[in-house]
Amino acid sequence: MMLEDNELIQVRKGKLEELRAMGINPYGQRYEVKDHAKEIHGKYGETSKEELENGKVQIKAAGRIVALRSFGKAAFAHILDASGKIQIYMKHDMLGEEQFKLMNLLDVGDHIGIEGFLFRTKTNELTIEVEKLALLSKSLRPLPEKWHGLTDIETRYRQRYVDLIVNPEVRDTFVTRNRIIKSIRAFLEGMSFLEVETPMMQQIPGGATARPFITHHNALDMDLYLRIAPELYLKRLIVGGLERVFELNRNFRNEGISIKHNPEFTMLEFYMAYADYRVLMDLTEELFSHIAQDIKGGLKFTYQGDEIDLTPPWSRMSMEEAIVKFAGASAEELNDLGRAREFAKKNSVPLEDGLSLAKVVNEIFEKTTEFRIMNPVFITDYPVELSPLSRRNDNNPDMVDRFELIIAGREMANAFSELNDPQDQFSRFQEQVALHDKGDEEAQFMDEDYVRALEYGMPPTAGEGIGIDRLVMLMTDSASIRDVILFPQLRKEQP
RNA sequence: GGGCCGCUAGCUCAUUCGGUAGAGCACCGCCCUUUUAAGGCGGGUGUGCUGGGUUCGAAUCCCAGGCGGCUCACCA
C-alpha cells in the first residue's frame with residue numbers, strides 16, 4: 001500500500017513544522033484526564049447558567065476534535081472521548097498569545113487536552129471555557145465529511161478506526177457485543193460452569209465438519225491445524241471430572257465468506273455432565289432470555305424488520321414436522337426417498353445422486369424451511385450419519401438426541417447428548433475416515449486419544465455450541481456478520 | 001469458485017448521446033470573540049481502480065485484471 005500524500009496532508013505537515021518551531025511537540029506525553037464528557041453532562045446537565053457562574057466548576061478533559069468553528073479571535077469545538085462529546089470554547093483573551101497561536105494550528109482530528117471551567121452558551125449548551133490548551137497528538141489525515149460521514153463499506157471495514165471515530169453506532173455495536181459476552185459469562189458462572197482454554201492449534205482437527213486451516217510448527221517440524229471446534233478437548237475435561245466447562249473463543253474454518261460467515265468466528269461451547277439435550281433446551285431458553293433482558297430490556301424486539309419473540313417455552317419439533325409446518329410438505333412425502341426427491345425438485349432444492357433419505361430431508365429443511373423460521377424453534381430428530389459425536393436415541397438407533405436452535409432464519413445453536421460409548425465412537429470415526437478416503441474433505445478425522453479418553457469413562461453429558469457473532473447480530477439488529485466483527489477478513493488491499 | 005452490481009477530489013456524490021471532469025463538505029487566503037451543517041468574499045486541489053484496445057477524441061464503448069457489495073455453492 002502506498003501512503004498517499006495529497007495537498008490536505010501536506011498542509012497539516014506544514015502545521016507540524018510550525019508547531020515544532022514554536023517548541024511544541026505535536027505528539028505529546030501523558031495527560032492526567034480528570035473528567036469525561038458523559039460524566040460532565042450527567043453531573044452538570046441540570047445546573048443553571050447562574051449556578052455555573054457563581055460556583056466555578058473546574059474541568060480537565062481530553063479528546064479528539066470532531067468539529068471546529070472558528071471566528072478569528074475565538075473558536076468553538078466539540079471534542080470526543082470514549083464516553084461521548086462535549087463542546088469547548090477557546091478565545092484569545094483567555095488563552096494568551098502563545099496558546100492562541102496553538103489554537104489556530106488545530107485541525108479536526110487532533111487530540112487535545114484542556115483545562116477550564118464550565119459555562120452555558122447563549123443557546124444554553126453546557127460548554128468548557130478553555131484556560132489551558134495542550135496539543136496531545138496532531139492528526140495528518142482529514143476525517144470524513146460531517147454530513148454524510150463515512151459510508152463506503154470497504155473503507156469502513158479496512159479502516160475500522162475511522163469508522164469508529166465517525167459512526168457512533170459502530171462503537172455502540174461493539175460495546176453491546178462485550179455486554180452480551182459478559183452476560184453469558186455471568187449466567188454460566190452462576191451455574192458453576194468453569195471457563196477453560198483448550199488448544200487452538202490442534203494435531204487432529206475435530207468436533208465439527210469443516211475444512212481446517214493448516215499451519216506448521218518449525219521446531220517440532222509438524223503440521224498443525226487451527227481448530228474448527230474445541231469440542232473434543234472440552235469433553236476430555238468432562239472425563240477429567242470438571243463436570244461443567246465452557247469455552248468462549250475463536251474457531252477457524254476454511255470455508256466461504258458471506259453475510260453470516262467469517263473464517264474466524266467466536267463460539268461458545270459448554271458441556272454439562274449428567275444432563276441431556278432436553279436439559280439444554282431449558283437452559284438455552286433461560287440463557288437467551290437472560291441476555292435479551294440485559295441487552296434489549298425485554299423478550300420482544302425486531303430484527304431487520306421482523307418481529308422476534310423469545311418468550312419461553314419455545315416450539316420444539318422434529319425436522320420433518322418443521323418442513324410440514326413451514327414449507328408445506330406432507331409427512332408421507334418426507335418418509336419416502338422417491339417422493340422426498342420429488343418434493344425437493346418441486347421446490348428447486350438441488351440434490352446430488354445417491355443421497356440417503358435423511359440427507360435429502362436435511363437438504364430440504366435447509367433450503368425450504370430454515371429461513372422461514374423467525375421465532376425460536378428447537379429442531380430435533382437428526383440422523384446419526386450427520387452427527388458422528390452425538391448419542392443415539394434409545395428408541396431409534398438411526399437418530400441422535402440432538403437439537404439445533406433456529407432464530408431469525410439462522411442456526412443459532414447446536415446441541416446434543418454426547419456419545420460416551422467408546423466402541424460406538426470408534427466405529428463412527430471409522431465411518432468418517434472412510435468418507436474422507438472417498439473424497440469428502442469435511443469428514444472428520446480419527447482421534448484415537450479421544451476414544452481412549454472415553455474408554456476411561458465419560459459420564460452422560462450434554463453439550464452445546466452457540467455462534468456468538470450471530471447472536472450479536474440478532475441483538476444489535478446487524479445485517480452482516482462483518483458489522484459485529486471489528487476487523488472482518490478481506491482480500492489484500494490494492495498496492 | 002459462479003452470476004449480478006459497483007469503483008470519479010480527503011469524504012458524500014454529479015457528469016444525459018464518446019467532445020477533454022464539477023458540486024457540497026473538507027482544505028487554503030482574507031474578515032469575524034456565543035457558534036453548533038456558524039457566516040461573508042475569493043481559490044478546484046483529480047492515476048476518473050489498473051493495464052490494454054477501438055476512435056480524430058474515452059470517466060463514458062470493448063477486452064483482461066484488481067478490490068468491494070449482494071447472491072449461489074461450501075459452512076456456523
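In this structure A:Glu154 satisfies the salt bridge (Lys or Arg N to Asp or Glu O under 4.0 Å) test together with A:Arg158, sequence neighbours excluded. With sequence neighbours excluded, the residues forming a ring-ring contact (aromatic ring centres under 6.0 Å, His included) with A:Phe193 are A:Phe270, listed by chain and number. Scanning for side-chain contact (heavy atoms from CB on, under 4.5 Å) contacts around A:Lys260 gives A:Ser258, A:Arg410, A:Arg470, with sequence neighbours left out.
Under the Watson-Crick or G-U wobble criterion, with both distances below 3.5 Å, B:rU33 is left unpaired in every strand shown. Under the Watson-Crick or G-U wobble criterion, with both distances below 3.5 Å, B:rG1 is paired with B:rC72. If you check B:rG6 for Watson-Crick or wobble pairing at under 3.5 angstrom, you find it paired to B:rC67. The nucleotide B:rA58 finds no pairing partner, because no Watson-Crick or G-U wobble arrangement with both distances shorter than 3.5 Å includes it.
Counting to the nearest Å, the C1' atom of B:rG69 and the NZ atom of A:Lys260 are 17 Å from each other. Rounding to whole angstrom units, OH of residue A:Tyr382 and P of B:rA76 are separated by 11 Å. B:rU12 atom P lies 11 Å from atom CD1 of A:Ile153, rounded to whole Å. Going from atom CG of A:Leu126 over to atom P of B:rU35 covers 17 Å, rounded to whole Å. The interatomic distance linking A:Asp152 (CG) with B:rA9 (C1') rounds to 14 Å, in whole Å. One can place CG of A:Leu150 at 14 Å from P of B:rA9, the figure rounded to the nearest angstrom. Distance CZ (A:Arg156) to P (B:rG10): 21 Å, rounded to an integer number of Å. For the pair A:Ile259 CD1 and B:rA73 P, the interatomic distance rounds to 14 Å; values are reported in whole Å.
The C1' atoms of B:rG52 and B:rA58 are separated by 13 Å, rounded to the nearest whole Å. Rounded to a whole angstrom, the distance from the C1' atom of B:rU20 to that of B:rC56 is 13 Å. Going from the C1' atom of B:rA26 to that of B:rG43 covers 14 Å, rounded to whole Å. To the nearest whole angstrom, the two C1' atoms, one in B:rA59 and one in B:rU47, are 12 Å apart. Taking atom C1' in both B:rA9 and B:rU15, the straight-line distance is 14 Å, to the nearest Å. The gap from the P atom of B:rG3 to that of B:rG57 amounts to 33 Å, rounded to the nearest Å. B:rC11 and B:rG51 have their C1' atoms separated by 28 Å, given to the nearest Å. On the P atoms, B:rG22 is 10 Å away from B:rU45, given to the nearest whole Å.
With respect to A:Lys91 and A:Glu129, a salt bridge is recorded, a charged nitrogen being found less than 4.0 Å from a carboxylate O.
Of the candidate nucleotides B:rU35, B:rG68, B:rU33, B:rG68 has the atom nearest to the side chain of A:Leu490. In this structure, the nucleotide among B:rU33, B:rU35, B:rA76 sitting nearest to the side chain of A:Ala74 is B:rU33.
Using a 4.0 Å heavy-atom criterion, one finds that A:Thr151 contacts the sugar-phosphate atoms exclusively. Residue-level contact check: A:Asn124 touches neither bases nor backbone, having no heavy atom under 4.0 Å from any strand. Note on A:Gly256: a base of the nucleic acid sits closer than 4.0 angstrom, heavy atoms only. Among the atoms of the strands shown, base atoms are found under 4.0 Å from some heavy atom of A:Phe119. At the heavy-atom level, A:Gly465 lies nowhere under 4.0 Å from the strands shown. Among the heavy atoms of the strands, none lies under 4.0 Å from A:Lys49. Across all strands, A:Asn251 comes closer than 4.0 Å to no nucleic acid atom at all (heavy-atom distances).
Phosphate contact (OP1/OP2 of B:rG68, side-chain N/O of A:Arg158, threshold under 4.0 Å): present. OP1 or OP2 of B:rG69 has at least one side-chain nitrogen or oxygen of A:Arg482 nearer than 4.0 Å. Taking 4.0 angstrom as the limit, A:Asn6 places a side-chain polar atom (N or O) nearer than this to OP1 or OP2 of B:rG10. Distances shorter than 4.0 Å separate none of the side-chain N or O atoms of A:Arg141 from OP1 or OP2 on B:rG10. Contact annotation: A:Arg491 reaches the phosphate of B:rC67 (side-chain N/O to OP1 or OP2, under 4.0 Å).
For the ring pair (Phe, Tyr, Trp, His ring centres under 6.0 Å) with A:Tyr225, the lone residue among A:Phe445, A:Phe252, A:Phe213 that qualifies is A:Phe445.
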Only pairs under 3.5 Å count here: list side-chain donor-acceptor contacts from residues 61-74 of chain A, not counting sequence neighbours, and write none if there are none.
| from | atom 1 | to | atom 2 | distance (Å) |
| --- | --- | --- | --- | --- |
| A:Arg64 | NH1 | A:Gly109 | O | 2.9 |
| A:Arg69 | NH2 | A:His78 | ND1 | 3.4 |
| A:Arg69 | NH2 | A:Gln87 | OE1 | 2.8 |

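Where A:Arg211 and A:Pro144 meet RNA chain B, the nucleotide closest to each residue was compared, and A:Pro144 sits on the side nearer the 5' end. Nucleotides of RNA chain B nearest to A:Ala67 and A:Met267 differ in position, and the one nearer the 5' end is that of A:Ala67.
Within 6.0 Å of CZ on A:Arg160 lie more than 12 heavy atoms contributed by other residues, nucleotides or ligands.
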- What one-letter contact string describes nucleotides 22-32 of chain B from 5' to 3', where B marks a base within less than 4.0 Å of any protein heavy atom, S marks contact via sugar-phosphate atoms alone, and - marks no contact? --BBSSS---B
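At a threshold of 4.5 Å between non-hydrogen side-chain atoms, the residues A:Gln202 and A:Leu232 do not count as touching.
Judged purely by atom type and a 3.5 angstrom limit, A:Ser83 has no side-chain atom pairing as donor or acceptor with the backbone of A:Asp81.
Within 3.5 Å, no donor on the side chain of A:Glu125 pairs with an acceptor on the base of B:rU34, nor the reverse.
The stretch residues 361-378 of chain A participates, sequence neighbours left out, in these salt bridge (Lys or Arg N to Asp or Glu O under 4.0 Å) pairs: A:Glu363-A:Lys367.
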